[in-house]
Amino acid sequence: MRLLRQTRHALCAFTMVEMVISLTLLTFLSAVVIGGMAQYARQQKISNNQQRIEESARRIAQRLYMEASNSDALEVRENGNVLRLGYAYVPDVEYAFVDLDNNPETIADNSFIRRRTLGSNANGEVLATAVSPVTTGTPIFRLAAGAARELAQLNMRIGDRRFPPHPEDDAITGPGFQSFVLRASVMRENLIPGPN
Amino acid sequence: MDAIRRPYNHSASRGMTFIEVMVGLFITLVVAMGFVGSIIYAQRANRATRDYLYANQFMSSIQMMVQASNFDRLGDPATTGTAYEAQFRSNITTYGDPRNTAVTPPMTASFVFTGFGNVASATNNTLRASFPQGVSSWQPNEWAGHYVTISRGRGVGQVMRIVSNTANTLTVTADLSGSTSQGWAITPDSTSQFLIDASKTVHITVTYTDRSGRQRVLRRTVVVPRPAGVS
C-alpha cells in the first residue's frame with residue numbers, strides 16, 4: 001500500500017506551480033477568446049448596419065433614376081430639399097429631405113421620403129432615416145449648372161456624420177461608424193426631339 | 001505487488017502533464033489568433049466593398065453628367081473656362097465621403113474622347129482623320145462594322161460602313177451590308193467632319209488605391225448620340 005500511495009502521488013495531478021501557470025495562461029487565453037468574440041459581435045453589428053445603409057442608398061438611387069428617367073420635368077424646390085418629378089399623365093412625385101428641427105446636424109429627426117401629396121409630408125413613404133446633407137450648408141438636391149439637359153444631382157449622407165464615431169451619432173445608428181454618402185445624377189430620358 | 005499494480009491504469013487515472021497542458025494552450029492560442037485574424041479580414045473586406053460602391057456610384061454619376069452635355073461642346077478643345085463640358089477635359093477627383101476623407105480613398109475619373117474628328121483627306125473608299133486636341137486615335141479595327149457619318153462640310157449626310165481601320169484611317173464602303181466595296185458618292189475633304197455611329201464616344205476610367213495599396217480600376221464607355229437637329 002505504501003508503494004501504491006507513492007506511485008499514485010508521483011503520477012497524478014499537478015504541482016502548485018503547474019496549476020498557477022496553467023490557470024494564468026487559461027485565464028489569458030479565455031480573455032482573448034471571449035474578447036475576440038465580443039469584438040466579432042460588435043463588428044458584425046456595425047457591418048449589418050453599414051450594409052443596411054448601403055442597401056437603402058442603392059434602392060433610393062435606383063428608384064430615383066427610374067422615376068426621373070420616365071418623368072417629363074425635373075424641378076428642385078424648397079432650397080434644394082425637394083425634387084419634384086413631373087409627369088404628363090400620372091400624378092407628380094416628390095422626393096424630399098425632412099428635417100423636423102431645422103438642424104441638419106442632428107440626424108435623429110431627419111428622414112428622406114417619397115411623397116405623392118405635393119408639399120406635404122403626410123403619408124410620405126420613408127426611404128431612409130438618419131439622413132443629412134453631406135456637408136453643412138450644401139443642398140440635398142441641385143440642378144447641374146450649365147448642363148444642356150436638366151440634370152438633377154442628389155448629395156446626401158445616410159448614417160453617422162462624424163468620423164471617428166461620435167456618441168451622439170452612435171445613439172441613433174449604433175456603435176461604430178456607419179455612413180454612406182449617396183451621390184446620384186439623374187435626368188429624364190424621354191426628351192422631346194430637339195437641340196437638347 | 002504485481003497484483004496491486006496491474007489493475008491500476010496509469011494513463012487513465014492521472015491528470016495531464018505540464019507538457020500536455022502547454023500543448024493544449026498553444027492550440028487554443030492558435031485558434032484564438034485565427035479568430036482575431038478573421039475579424040480583421042472581415043473589417044478590411046467591408047471597407048473594400050464600401051470603396052467599390054463609392055467608385056461605382058462615382059462612375060454612374062459621371063456617366064450621367066457626360067450624357068447631359070451639350071453635344072457640340074463635348075470633347076471640343078475650344079470648350080474651356082466655366083463651360084459645363086470643360087470639366088471633362090481634365091481629371092475629376094473626389095472622395096466617397098468628402099467630409100470624412102480619412103474614411104475613403106480619393107477617386108479620380110479620367111476621360112478619353114474618340115469616334116469623331118475632322119477629315120484630313122479621303123480617297124474613293126478611305127477617310128484619314130485629323131483628331132482635335134484631346135481626341136484619341138484608334139486601336140486597329142476597333143470600329144470595323146460600325147458606321148461613319150459625315151456630319152459637316154463636303155459630303156455631309158453620307159453614311160458609310162467601316163470595313164476596317166488603322167490608328168487614323170477608316171476603310172469604308174457605301175454598301176451598308178458590307179458585302180461589296182463601293183466608294184463615296186461625294187468624297188469628303190478637309191472641310192468635312194465626321195462622327196462614328198452618329199455619336200461621340202467617351203471612355204471613362206475611375207481609379208483609386210485601396211488600403212492594401214492595390215490600384216483599382218473601373219472602366220465604362222459612354223456613347224453620346226447626336227441629338228436630332230444637330231449637325
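All values derive from a computational prediction rather than experimental measurement. Lettering of chains follows the sequences in order, A, B, ..., and the numbering in each one begins at 1.
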Query raised in the report: Can you say whether A145(A) sits under 4.5 Å from chain B via the side chain, the backbone, both, or neither, judging by heavy atoms?
Result: backbone

Query raised in the report: Given M64(B) and Q153(A), is the side chain to side chain contact (heavy atoms under 4.5 Å, CB included) satisfied, shown in steps?
Result: CA-CA 10 Å; M64(B) 297 300 280; Q153(A) 296 182 308; over 6 Å; no

Report summary line: Looking only at T82(B), D97(B), N46(B), most heavy-atom pairs under 4.5 Å shared with chain A are made by D97(B)

Query raised in the report: Non-hydrogen atoms of chain A under 4.5 Å away: do they reach the side chain of F26(B), the backbone, both or neither?
Result: neither

Query raised in the report: Is D101(A) atom CG crowded by more than 12 heavy atoms from other residues, nucleotides or ligands, each under 6.0 Å away?
Result: yes

Query - Heavy-atom pair of closest approach, residues S22(A) and L25(B) - result: O-CD1, 4.2 Å

Query raised in the report: Does a side-chain heavy-atom distance below 4.5 Å link N100(B) with F177(A)?
Result: yes

Query raised in the report: Can you say whether Q67(B) sits under 4.5 Å from chain A via the side chain, the backbone, both, or neither, judging by heavy atoms?
Result: both

Query - Region of R58(A) that comes under 4.5 Å of a non-hydrogen atom in chain B - result: neither

**Report entry** Contact leader toward chain B among L151(A), T136(A), I21(A), where contacts are heavy-atom pairs under 4.5 Å
**Finding:** L151(A)

Query raised in the report: What are the two closest heavy atoms between S185(A) and S61(B), and how far apart are they?
Result: OG-OG, 2.7 Å

Requested in this report: Would you please test Q51(A) and T49(B) for side chain to side chain contact (heavy atoms under 4.5 Å, CB included) and show each step?
Outcome: CA-CA 10 Å; Q51(A) 283 176 2; T49(B) 302; over 6 Å; no

Query raised in the report: Could you walk me through whether M19(A) and F18(B) pass the side chain to side chain contact (heavy atoms under 4.5 Å, CB included) check?
Result: CA-CA 9 Å; M19(A) 282 292 288; F18(B) 186 66; over 6 Å; no

Query - Contact winner vs chain B - E54(A), Q50(A), R161(A), heavy-atom pairs under 4.5 Å - result: R161(A)

Requested in this report: Using non-hydrogen atoms and a 4.5 Å limit, figure out which bit of S60(B) sits close to chain A: side chain, backbone, both or neither.
Outcome: neither

Query raised in the report: Got a sec: does the CZ of R63(A) have more than 12 other heavy atoms crowding it under 6.0 Å?
Result: yes

Requested in this report: Determine whether R183(A) and T94(B) make a side-chain contact, defined as any pair of heavy atoms from C-beta on separated by less than 4.5 Å.
Outcome: yes

Query raised in the report: Which bit of A184(A) comes within less than 4.5 Å of chain B, counting heavy atoms only: side chain, backbone, both or neither?
Result: backbone

Query raised in the report: Side chain, backbone, both or neither: which part of M33(B) has a non-hydrogen atom closer than 4.5 Å to chain A?
Result: neither

Query raised in the report: Can you say whether L26(A) sits under 4.5 Å from chain B via the side chain, the backbone, both, or neither, judging by heavy atoms?
Result: both

Query - Distance, nearest 0.5 Å, that separates CZ of R50(B) from CD of Q178(A) - result: 10.0 Å

Query raised in the report: Given the rule in the side chain to side chain contact (heavy atoms under 4.5 Å, CB included) test, do M22(B) and L25(A) qualify, once you have shown the distances and angles that lead to the verdict?
Result: CA-CA 9 Å; M22(B) 288 297 114; L25(A) 287 172; 3.5 Å; yes

Query raised in the report: Quick one: of Y40(A), F163(A), F180(A), who has the most non-hydrogen atom pairs under 4.5 Å with chain B?
Result: F180(A)

Requested in this report: Check for a donor-acceptor pair, side chain of Q57(B) on one end and backbone N or O of V181(A) on the other, with a separation under 3.5 Å.
Outcome: yes

Query raised in the report: Counting only heavy atoms not in Q133(B), do more than 12 fall under 6.0 Å of its CD?
Result: no

Requested in this report: Flag yes if more than 12 heavy atoms outside N121(A) fall under 6.0 Å of its CG atom; otherwise flag no.
Outcome: yes

Query raised in the report: What heavy-atom pair brings Y84(B) and A144(A) nearest, and what distance separates the two atoms?
Result: CE1-CB, 4.1 Å

Report task. Please indicate whether F131(B) has more than 12 foreign heavy atoms, meaning atoms of other residues, nucleotides or ligands, lying under 6.0 Å from its CZ. Result -> yes

Query raised in the report: Under a 4.5 Å heavy-atom cut-off, does chain B meet the side chain of S179(A), its backbone, both or neither?
Result: both

